[in-house]
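Below is one structure, written out as structure tokens; the observations come after it.
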Amino acid sequence: MTVRTRYAPSPTGALHIGNVRSGLFAYLFGRHNHGTFILRIDDTDRERSTKESLDEILESLKWLGIDWDEGPPDPGYFQSNRFERYREAARQLLREGKAYPCYCTAAELDAMRKQAEREHRKPGYDGRCREKPFAPDLELPAASAGRNYTIRFRSPHEGETVVDDLVKGRAVFDNAELDDLIIFRSDGVPTYNFATVLDDADFRITHVVRGDDHLPNTPRQMQIFRALGMEPPAYAHMPMVMGPDGTKLSKRHGATSVFAYREAGYLPEALVNYLARLGWSHGDQEIFSREELIDYFDFDACGKSAGIFNAEKLLWLNFHYMKERPLAALAREVRPFIEKRGLTIPGDDAWLEKMVATLRERAKTLVELVDFASFYLKDEIEIDPKAAAKFLKPEAAEPLAAIADELESIGGNLNEESVKAAFERVMARYAMKLGQLAQPVRVALTGGTVSPGIFEVIAVLGPSRTVTRLRAAIRRLQT
RNA sequence: GUCCCCGUCGUCUAGCUCGGCCUAGGACACCGGCCUUUCACGUCGGUAACACGGGUUCAAAUCCCGUCGGGGACGCCA
């Protein structure tokens, strides 16, 4: 049997990193088994579904490198195009007496829930319309017809439903606990639990991989499968991702969308590696290529407990992947972040690569790298007054002038080696240590006391900007 | 409240299936040393956990029971 897995996001908002992790696991399991990975769009809620969020979801998945074998743009993979199929299935259940109309109003249901809560029972539907007679060829509700009833699934009350979960193990639900859920709303729209079952059935999904917040839905979905005369697929419920406060990760925990991480200068490999490693492991290994992830992925190696999202570890992984990227590729990634700030790059690709090379071990994200790069990119630098007070003192003027002259005469032959030689000559002349000369130069060239190695900085900056800045600093300390 | 799930360093985890190799390993973070022109990188070292209580056993992080704690679900949302 060929494995078929699916990911079924709702286009009602940004693609959330907690949510996309379930998709990643479904993808990895599918690929690991040389199966088919399907993307399906759960857009039954037409009110909240938007084209924008659909586009964002698709683009986020592509950015992460999660590619699907079946799905959009094929219209057959949108729930909104499958309504007739859901209606047909609902009519079948009605004919067979496995579903029934419910005429309760929202207010009645609400009162029912409150009552149950008072009596310390599970709030749920009490089945008051369950035994009312109805015509087996009853029309389905429709918004246009204004039919004021819903269709409920007649859930078996006897026995129990067993979920043999691939991650969690066996979970047993007493059928008496499961109330009759609505499968069709009064406006003629099928509900999630019903549409999902039909989709999983029709697309011949063999393994449903999703977050464990869906575990309580599973016995209900299994019952619907059986009522429809089909066997349910296998289920794998992944533990959820929590925020630092230990509750379900949500917007109030800060950046949670895939786009937000892309904009913050993260590399997709880092996010994928992090998400995969949260809740799954392969011995002591921390770094995984996509191929390794696919090779090693297995539900047996998935943990059962929820994990807290740790931004620091993601940062460390991102740093790792930035160092690992070939320089030219990293420079290409950096470019748009520079442009986004309205800065221009004063050199060609080779220059940009040299610049990036000096910064890549000092930045954990692309954004941070560009933050550090501003002294390379701007014509006018701002000198930190505290740094100036400490290093740009009158006695620095002479050596600074000397190094400026040296560098000016090197001119076009300037490189790390020739800069180093120039520094050594000046240090010898004034009997200085490298630190005594390097710090004032650093402040003059970068505006602060922290930067890449001073020889590299000068080599990247080039003779003319270097000399200009040195002389500006000399003028500054003389006034 | 009811049902379901979960419980190893602050965090992610290895070990738990088949009890002894665990004076519990790795990673992030943190602290300290080294390297050093600053900051980083790197490198070396350190602090830090089997939720608790009962069993079973010669022996339990590993098996059983209970307690406590955390999370999730209880919608004409998905």
Side-chain angles (χ1 to χ4, degrees), chain A residues 8-10 12 19 42-45 47-49 79 102 104-106 109-110 113 116-125 141 149-152 163 165 167-169 171-174 177-179 181-193 195-196 211-219 237 239-240 242 244 246-248 274 277-287 300-301 303-317 319 323 359-364 372 387 391 423 427 433-439 441-443 446 448-455:
Chain A
S10 284
T12 53
N19 188 278
D42 278 16
D43 59 349
T44 46
D45 188 344
E47 292 288 305
R48 296 196 299 143
S49 297
Q79 286 189 328
C102 169
C104 297
T105 62
L109 295 172
D110 203 42
R113 269 189 284 274
E117 221 162 294
R118 269 195 297 278
E119 290 168 12
H120 295 190
R121 297 190 336 263
K122 184 167 182 155
Y125 180 64
Y149 56 92
T150 59
I151 304 297
R152 284 188 187 268
V163 181
D165 194 86
V167 173
K168 299 279 187 173
V172 179
F173 295 82
D174 190 337
E177 286 291 329
L178 273 19
D179 64 350
L181 84 212
I182 292 174
I183 58 174
F184 251 84
R185 299 201 235 154
S186 57
D187 63 0
V189 174
T191 58
Y192 163 77
N193 277 302
T196 292
D212 71 9
D213 48 340
H214 284 284
L215 193 52
N217 284 327
T218 305
H237 286 95
M240 322 225 319
M242 308 299 207
T247 65
K248 197 172 169 177
Y274 179 73
R277 189 61 189 61
L278 212 198
W280 171 83
S281 62
H282 184 73
D284 286 338
Q285 190 170 340
E286 296 286 349
I287 306 293
D300 288 342
K304 296 178 174 190
S305 52
I308 292 175
F309 185 84
N310 185 206
E312 304 257 306
K313 190 144 185 181
L314 205 210
L315 223 37
W316 173 75
L317 278 164
F319 176 62
K323 278 195 296 184
L359 259 17
R360 69 185 331 185
E361 285 183 352
R362 293 172 169 79
K364 290 189 183 338
F372 291 153
F391 294 107
F423 265 69
M427 281 153 59
K433 286 184 182 169
L434 180 52
Q436 294 174 290
L437 182 57
Q439 280 306 81
V441 172
R442 192 185 313 279
V443 175
T446 70
T449 55
V450 172
S451 84
I454 197 65
F455 307 146

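Within 4.0 Å (heavy atoms only), A:T196 reaches no atom of the nucleic acid at all. Using a 4.0 Å heavy-atom criterion, one finds that A:D174 contacts no nucleic acid atom at all. A:E117 comes within 4.0 angstrom of nothing in the nucleic acid, heavy atoms only. If you check every strand for non-hydrogen atoms under 4.0 Å, A:V172 touches sugar and phosphate atoms only. Using a 4.0 Å heavy-atom criterion, one finds that A:R118 contacts no nucleic acid atom at all.
Taking the C1' atom of each, B:A29 and B:C9 are spaced 12 Å apart, rounded to whole Å. Distance check on atom P: B:U8 versus B:A61 gives 15 Å, rounded to whole Å. If you take atom C1' in B:U13 and the same atom in B:C52, they sit 23 Å apart, rounded to whole Å. Annotation: B:C64 and B:G20 have their P atoms spaced 15 Å apart (nearest Å).
Evaluation of the salt bridge (Lys or Arg N to Asp or Glu O under 4.0 Å) rule for A:D179 yields A:R220 as partners, not counting sequence neighbours. Residues satisfying the side-chain contact (heavy atoms from CB on, under 4.5 Å) criterion with A:N193, sequence neighbours excluded, are A:L181, A:N217, A:Q221. With sequence neighbours left out, the salt bridge (Lys or Arg N to Asp or Glu O under 4.0 Å) criterion links A:D45 to A:R48. Residues satisfying the side-chain contact (heavy atoms from CB on, under 4.5 Å) criterion with A:K323, sequence neighbours excluded, are A:F319, A:E361.
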Between the protein and nucleotides 61-72 of chain B, list every N/O to N/O distance that falls short of 3.5 Å.
from, atom 1, to, atom 2, distance (Å)
B:G72, OP1, A:K248, N, 3.1

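Cation-pi check for A:R442 over A:F391 is not met; the charged atom does not lie both under 6.0 angstrom from the ring centroid and within 45 degrees of its normal.
Applying the Watson-Crick and G-U wobble criteria (two distances, each under 3.5 Å), B:G20 pairs with B:C58. Across every strand in view, B:C30 sits in a pair with B:G46 that passes the Watson-Crick or G-U test at under 3.5 angstrom. The partner of B:A73 is B:U2, judged by Watson-Crick or G-U wobble contacts that both fall below 3.5 Å. Remark: B:C68 base-pairs with B:G7. Criterion, Watson-Crick or G-U wobble with two distances under 3.5 Å. Under the Watson-Crick or G-U wobble criterion, with both distances below 3.5 Å, B:U38 has no partner in any strand shown.
Between the side chain of A:Q285 and the base of B:G26 there is no donor-acceptor pair of N/O atoms closer than 3.5 Å. For a distance-only test at 3.5 Å, the side chain of A:S186 qualifies as a donor-acceptor partner of the base of B:C76. Judged by distance alone, with hydrogens and angles left aside, A:K313 brings a side-chain donor or acceptor within reach of the base of B:A27, the pair sitting under 3.5 Å.
The main-chain N or O of A:D174 is never found under 3.5 Å from a side-chain atom of A:E177 such that the two would form a donor-acceptor pair. Checked by atom type and distance alone, the side chain of A:Y274 pairs as donor or acceptor with a backbone atom of A:N310 at under 3.5 Å. Under a 3.5 Å cut-off, the side chain of A:K168 and the backbone N or O of A:K304 do form a donor-acceptor pair.
Annotated as syn: B:C41, whose O4'-C1'-N torsion sits within 90° of 0.
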- Note on the structure: Once base and sugar-phosphate atoms are separated, protein heavy atoms under 4.0 Å mark nucleotides 31-50 of chain B, 5' to 3', with B, S and - as ------BBBBSS--------

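Regarding contacts with the backbone of B:C6, a side-chain N or O of A:K304 is found under 4.0 angstrom from either OP1 or OP2.
In this structure, OH of A:Y192 is placed 9 Å from P of B:A78, rounded to the nearest angstrom.
Projected onto RNA chain B by closest heavy-atom contact, A:G124 and A:E177 fall at different nucleotides, the more 5' of which corresponds to A:E177.
Listed nucleotides B:C76, B:C6, B:A78 differ in distance to A:R113; the shortest reach to its side chain belongs to B:C76.
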